[in-house]
> 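The following block contains the structure, expressed as structure tokens.
First listed ligand is number 1; within each ligand, the first listed atom is number 1.
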Amino acid sequence: MTTDIVILAAGQGTRMRSAQPKVLHPLGGKPLLEHVLETAQNLQPRQLHVVIGNGAELVKKQGSDWSVQWWHQHKQQGTGDALRAALPGLNGADRVLVLYGDVPLLTSDTLQAFLAETPKDAVGLSTAMLEQPQGYGRIVRNAQGQVLAIREQKDCNAQEQTIAEVNLGMMVLPVAPLHDWLADLSANNAQGEFYLTDVVATAHDRQHSVWPFTFQDASEALGVNDPIQLAALERIYQRRQVMQLQRQGLRLADPERLDIRGSLHCGQDCWLDPNVLCIGKVRLGDRVRIGMGVVLQDVDIADDVEVLPYSVLEGAHIGAGARIGPFARIRPGSDIGVAAHIGNYVEVKASRIGAGSKANHLTYIGDSEIGTGVNVGAGTITCNYDGVNKHKTLIGNDVFVGSATQLVAPVKVGDGATIGAGSTITKDVAAGGLTLSRSPQRSVPDWQRPKRQPK
Ligand code: UD1
Ligand code: CA
């Protein structure tokens, strides 16, 4: 049996009060719609369709990497009308699974079970028993327990409002009769819309079976209508990811205070203090310790590294046993060597730092290559930018750079050289020996400090 999936994503999202289309708001750093697309893709449908309307061009642009068929619903006249927009694409499929673009937490396991348990030619409904069913369409059954209809909240009478069994929204529909069912929809209801849910009564009347499938975890079907719900779903999503990592052995001071906007892979015996933020692809080796408030973006961190609090690392590789921070900033294109130390208020950009080298305090290293066993003194600055071009600083092995040195690039420092503190190095430095550029110190013994004149 071939299955197509249609994702409805044309709605207004008025309650988000945002200029951005609702389905593009991020959850875990990724647009809501992308979560649904990924889950749908895992089910390997014959064809994946998305119905768009509001902000259609933006949505299409964001989803341009996905092999989906886009359909436009020009006026948002209800979920039934939205599915109609995709009807021409469904010929060739036996049935269609309808999902919503703003329901991002669904798992493919649940949907797989939903599809498997819905008999051929039946209408499959996703349902749950809720203590607070307000806002949802209610499942109306007869005395024999057969489903007769779905009644939208706004169309429920007082008795129907007490029904706790709700429609979570996802549906499985046979394609052959669907054309007629959708053609027969009427907008004669409280909202003046063409409700997709009305096909249930039609199907029942025409002797098609209607199969409710109860979700074990109704929170999977939670949707986003406003910023409060978006934030609540973000927490659920983050908790899911953290629990998965915990099951793999990750230890954290507080599982509520790790945010992953992308992916985090951890080796054995890693430890995270509170408020770590991971963006993009982050990989930690074994026994890595990450301090409080650290931001890691697209970084690859080898075994036994320690990142001390409030450091920001992006687009870098950190070698085994290195120590970074506190308050360090490692920028893209940096490669920090094995057992190197990058200390407080040190910024490293597009530079390679050799094994065992240290820059412990208040330093800027940009566009540089630094050998092994180098000591970069406090306050050292590579002057890599002349206002137009960036230039390289090349430092050999076992170099000692005295504090408050400026290295005016392009410049090379040979192996084993020592640079005296406070030097401004503008020419290449030979290997070995001491190099310094320092104006001679002088004293003015009878110097008088200026005195304030009395008024
Ligand atoms: C819908 C169901 C309701 C169910 C609830 C679960 C209908 C009539 N009602 O109600 O039974 O309990 O979901 O959350 O289906 N959309 C379009 N075009 C439109 C209207 C909606 O693409 O013209 C899309 C929206 O972008 C959204 C989805 O369809 O992704 C659901 O629409 P929404 O208006 O949120 O439906 P509900 O009123 O919540
Ligand atoms: Ca909704």
Side-chain angles (χ1 to χ4, degrees), residues 5-16 18 20-25 27 31-37 39-40 49-56 58-59 70-87 97-106 123-130 132-140 147 149-156 160-161 163-171 173 181-182 185-202 210 212 215 218-226 229-230 233:
I5 298 180
V6 176
I7 300 171
L8 304 184
Q12 293 272 1
T14 320
R15 280 177 284 164
M16 289 300 289
S18 167
Q20 201 180 23
K22 177 163 75 178
V23 292
L24 294 186
H25 281 267
L27 179 85
L32 292 172
L33 180 59
E34 207 175 309
H35 289 266
V36 186
L37 285 168
T39 308
H49 311 264
V50 182
V51 179
I52 47 179
N54 248 274
L58 276 173
V59 176
W70 302 98
W71 302 94
H72 288 260
Q73 185 195 21
H74 298 287
K75 229 173 110 201
Q76 276 71 67
Q77 301 182 94
T79 48
D81 180 65
L83 185 57
R84 255 183 218 159
L87 263 184
L97 169 65
V98 180
L99 304 176
Y100 293 168
D102 55 3
V103 178
L105 298 178
L106 281 172
V123 170
L125 304 181
S126 54
T127 66
M129 300 295 288
L130 296 185
Q132 294 184 320
Q134 287 74 25
Y136 286 90
R138 307 298 210 286
I139 307 293
V140 180
V147 176
I150 296 177
R151 191 84 67 238
E152 290 306 300
Q153 163 87 29
K154 288 184 178 147
D155 299 286
C156 282
E160 288 163 339
Q161 288 204 23
I163 300 173
E165 190 180 12
V166 304
N167 169 36
L168 293 174
M170 288 53 75
M171 276 193 189
L173 298 158
W181 296 351
L182 290 179
L185 288 179
S186 116
N188 185 17
N189 52 50
Q191 299 183 79
E193 287 186 357
F194 297 96
Y195 295 158
L196 176 58
T197 42
D198 282 351
V199 302
V200 172
T202 313
V210 178
F215 270 42
S219 78
E220 272 194 31
L222 286 172
V224 173
N225 294 304
D226 60 32
Q229 290 172 336
L230 179 59
L233 262 61

> Say whether G11, considering both its backbone and side-chain N or O atoms, lies within less than 3.5 Å of an N or O atom on ligand 1.
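Right, the criterion is met.
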> Do V6 and W71 make a side-chain contact, defined as non-hydrogen atoms from C-beta onward lying under 4.5 Å apart?
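They are not in side-chain contact.
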> So how far is it from Y136 OH to L168 CG, rounded to the nearest 0.5 Å?
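That separation rounds to 6.0 Å.
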> I want to check something: taking the side chain as every heavy atom from C-beta on, are N189 and K154 in contact at a cut-off of under 4.5 Å?
no
> Looking at non-hydrogen atoms alone, which of Q76, Q73, E152, K22 comes nearest to atom 18 (N) of ligand 1?
Q73
> If we check side chain to side chain donor-acceptor pair (under 3.5 Å) with N54, which of these qualifies: Q76, K22, Q73?
Q76
> Within the supplied structure, the quantity of interest is the number of heavy atoms (other residues, nucleotides, ligands) at a distance under 6.0 Å from Q134 CD; does it exceed 12?
yes
> If the cut-off is 4.0 Å to any non-hydrogen atom of T79, which atoms of ligand 1 fall inside it?
7 (C), 8 (C), 15 (O), 20 (C), 21 (C), 29 (O), 31 (C), 32 (O)
> Below 4.0 Å, non-hydrogen atoms only: which portion of E193 touches ligand 1? Side chain, backbone, both or neither.
neither
> Which bit of Q77 is near ligand 1, meaning a heavy atom under 4.0 Å away: side chain, backbone, both or neither?
backbone
> Taking the side chain as every heavy atom from C-beta outward, state whether M16 and V224 have any pair of such atoms under 4.5 Å apart.
yes
> Could you list the atoms of ligand 1 found under 4.0 angstrom from a heavy atom of G137?
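So the answer, numbered in order with elements, is 3 (C), 4 (C), 11 (O), 12 (O).
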> I'd like to check which ligand 1 atoms, numbered from 1 as shown, lie under 4.0 Å from a non-hydrogen atom of Y195.
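Those atoms are 8 (C).
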> For I150, is at least one N or O under 3.5 Å away from an N or O on ligand 1?
no
> Would you say that I5 contacts H49 through its side chain, given a criterion of any heavy-atom pair below 4.5 Å between the two side chains?
no
> Do V200 and I139 make a side-chain contact, defined as non-hydrogen atoms from C-beta onward lying under 4.5 Å apart?
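In short, these two side chains do not touch, never coming nearer than 4.5 Å.
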> Report the part of V103 in contact with ligand 1, treating N, CA, C, O as backbone and CB onward as side chain, heavy atoms under 4.0 Å; options are side chain, backbone, both, neither.
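Answer for V103: neither.
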> Closer than 4.0 Å to some heavy atom of G101 - which atoms of ligand 1 meet that?
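What qualifies from ligand 1 is 30 (O).
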> Quick one: does F215's side chain get under 4.5 Å of L106's, heavy atoms only?
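Contact flag for F215/L106 side chains = yes.
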> Please verify whether a non-hydrogen atom of L168 lies at under 4.0 Å from ligand 1.
yes
> Within the structure, does L196 bring an N/O atom to less than 3.5 angstrom of an N/O atom in ligand 1?
no
> Just which atoms of ligand 1 are under 4.0 Å from any heavy atom in D102?
27 (C), 30 (O)
> Should one rank V224, L125, N167 by closest heavy-atom distance to atom 5 (C) of ligand 1, which comes out on top?
N167
> Which bit of A82 gets closer than 4.0 Å to ligand 1, counting heavy atoms only: side chain, backbone, both or neither?
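Within the 4.0 Å criterion, A82 contacts ligand 1 through side-chain atoms alone.
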> Return a yes/no value for T197: is any of its N or O atoms, backbone included, closer than 3.5 angstrom to an N or O of ligand 1?
no
> Where on A9 is there a heavy atom closer than 4.0 Å to ligand 1, on the side chain, on the backbone, on both, or on neither?
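For A9, the contact with ligand 1 is made by the backbone alone.
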> Before signing off on this row, confirm whether G169 and ligand 1 have an N or O atom pair separated by under 3.5 Å.
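No.
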> Within a strict 4.5 Å, meaning less than it, do heavy atoms of the L83 and L173 side chains meet?
yes
> Do you know which of L24, L230, L105, V103 makes side chain to side chain contact (heavy atoms under 4.5 Å, CB included) with L32?
L230
